[in-house]
2 protein chains.
Amino acid sequence: MLDETLLALADPTRRAILSRLARGEARVTDVAKPFAISLNSVSKHIRMLERARLVRRRIEGREHFLALDPTPLDEAADWIAAQKTLWAWRLGELEKALTDG
Amino acid sequence: MLDETLLALADPTRRAILSRLARGEARVTDVAKPFAISLNSVSKHIRMLERARLVRRRIEGREHFLALDPTPLDEAADWIAAQKTLWAWRLGELEKALTDG
DNA sequence: AACATATTCATCCCTACGGGTGAATATTGA
DNA sequence: TCAATATTCACCCGTAGGGATGAATATGTT
């Protein structure tokens with residue numbers, strides 16, 4: 001799932017959609033309104049966010065309400081945090097080696 | 001830069017390359033060795049990692065030595081952490097509203 | 001109820017790009 | 001000269017991003 005999560009987050013439009021949804025549940029049209037791109041594109045972006053499990057959809061008649069699901073963010077944050085630790089350790093060793101030499 | 005960073009991280013091969021480089025500097029061939037894919041593909045992945053500023057290249061004769069640059073990870077980690085906070089706050093408000101109602 | 005209208009979202013088609021390969025091309029090392 | 005290192009090129013395949021069109025649902029009017 002990490003692939004889909006990071007791929008979904010790698011687009012500024014999708015990140016903006018997530019920021020919008022962080023202010024509260026919204027319909028597809030509401031989400032699309034601030035963007036200059038077509039509603040179709042927004043719909044596709046939302047589908048990618050759903051595939052990444054970052055967004056859930058609740059259908060009421062013709063209206064589709066979107067809400068955030070923060071769960072996948074944890075996995076992404078964990079991976080990045082782990083890498084930062086590893087890299088910092090490695091660079092620290094390198095620094096030490098340079099200092100000793 | 002956040003776009004390139006997250007896009008670069010969204011591929012398992014590139015994440016494996018980063019993990020390899022976390023163990024120390026390495027040449028392109030060394031990095032490519034464990035993978036079943038061709039050297040060309042690895043070269044392309046490395047270029048994407050360079051574009052994302054996650055990897056730096058030092059050329060010595062015919063050998064290209066690759067090393068990590070952890071800087072962009074901070075930006076990514078910060079964005080995710082900020083979103084987690086915002087989302088948690090929003091979901092907390094929702095919880096509160098449901099409890100009050 | 002029945003029909004027209006407006007709104008919402010999905011589907012079809014095209015273009016661009018990521019990911020993969022093999023072959024060709026410098027460039028350096030032995 | 002010959003082998004090793006890495007890039008570049010041309011290409012194929014799958015998919016994301018975009019506009020245009022169509023289907024489904026809700027709303028309003030007679």
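Below, chains carry the letters A, B, ... as their sequence lines are ordered, and counting in each starts from 1. Keep in mind it's a predicted model, so treat the numbers as computed, not measured.
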Separation of atom [atom1] in [X] from atom [atom2] in [N], rounded to whole Å:
X: A:Ile59; N: D:dT25; atom1: CD1; atom2: P; answer: 10 Å
X: A:Met48; N: D:dG14; atom1: CE; atom2: P; answer: 18 Å
X: A:Phe65; N: C:dC9; atom1: CZ; atom2: P; answer: 9 Å
X: B:Phe35; N: C:dG19; atom1: CZ; atom2: C1'; answer: 14 Å
X: A:Ile46; N: C:dT8; atom1: CD1; atom2: P; answer: 13 Å
X: A:Glu60; N: C:dT8; atom1: CD; atom2: P; answer: 14 Å
X: A:Leu7; N: D:dA16; atom1: CG; atom2: P; answer: 7 Å
X: A:Leu39; N: D:dG19; atom1: CG; atom2: C1'; answer: 12 Å

Short side-chain N/O contact to [N] OP1/OP2 from [X], under 4.0 Å:
X: A:Arg51; N: D:dT15; value: no
X: B:His45; N: C:dG20; value: yes
X: A:His64; N: C:dT8; value: no

For the side chain of A:Lys44, starting at C-beta, report the closest nucleotide among C:dG20, D:dG17, C:dT8. D:dG17
Is A:Arg58 positioned over the aromatic face of A:Phe65, cation under 6.0 angstrom from the ring centre and no more than 45 degrees off axis? yes
The side chain to side chain contact (heavy atoms under 4.5 Å, CB included) partner of B:Leu66 among B:Val31, B:Ile17, B:Leu18 is B:Val31
Contact class for [X] (heavy atom, under 4.0 Å): base, sugar-phosphate, or nothing?
X: A:Thr29; result: sugar-phosphate
X: A:Arg57; result: sugar-phosphate
X: B:Ser41; result: base

List the atom pairs, with distances to 0.1 Å, where a side-chain N or O of residues 34-43 of chain B and a protein N or O form a donor-acceptor pair under 3.5 Å, not counting sequence neighbours.
| residue | atom | partner | partner atom | Å |
| --- | --- | --- | --- | --- |
| B:Ser38 | OG | B:Asn40 | N | 3.4 |
| B:Ser38 | OG | B:Ser41 | N | 3.3 |

Say whether, by atom type as modelled, one donor and one acceptor occur between the side chain of B:Arg15 and the main chain of B:Leu9 under 3.5 angstrom.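 Yes; judged by distance alone, with no hydrogens or angles, the pair exists.
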Side-chain donor or acceptor of B:Arg51 paired with backbone N/O of B:Ile46 under 3.5 Å: no
Salt bridge flag under 4.0 Å for residues A:Glu50 and A:Arg56: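 Here A:Glu50 does not pair with A:Arg56 in a salt bridge, since their nearest N and O are not under 4.0 Å apart.
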How long is the gap from NZ on B:Lys84 to OG1 on A:Thr71, to the nearest 0.5 Å? 10.0 Å
So if I apply the side chain to side chain donor-acceptor pair (under 3.5 Å) rule between B:Arg27 and each of B:Glu63, B:His64, B:Glu60, which one comes out positive?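 It is B:Glu63; the other options fail the test.
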Can you give me the N/O atom pairs linking the protein to nucleotides 22-27 of chain C at distances under 3.5 Å, or say none if there are none?
| residue | atom | partner | partner atom | Å |
| --- | --- | --- | --- | --- |
| C:dG22 | N7 | B:Asn40 | ND2 | 2.7 |
| C:dG22 | O6 | B:Asn40 | ND2 | 2.4 |
| C:dA23 | N6 | B:Asn40 | OD1 | 3.3 |
| C:dA23 | N6 | B:Asn40 | ND2 | 3.2 |

Which residues in residues 10-17 of chain B have at least one heavy atom lying under 4.0 Å from any atom of DNA chain C?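 Only B:Asp11, B:Arg14 qualify.
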Joint cluster assignment, B:Trp79 & A:Leu49, ILVMFWY side-chain distance < 4.5 Å: yes
Hydrophobic cluster identity match, A:Leu73 and A:Met48, side-chain contacts under 4.5 Å: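 Unlinked, A:Leu73 and A:Met48 end up in two clusters.
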Mapping B:Arg47 and A:Glu63 onto DNA chain D by nearest heavy atom, which one lands closer to the 5' end? B:Arg47
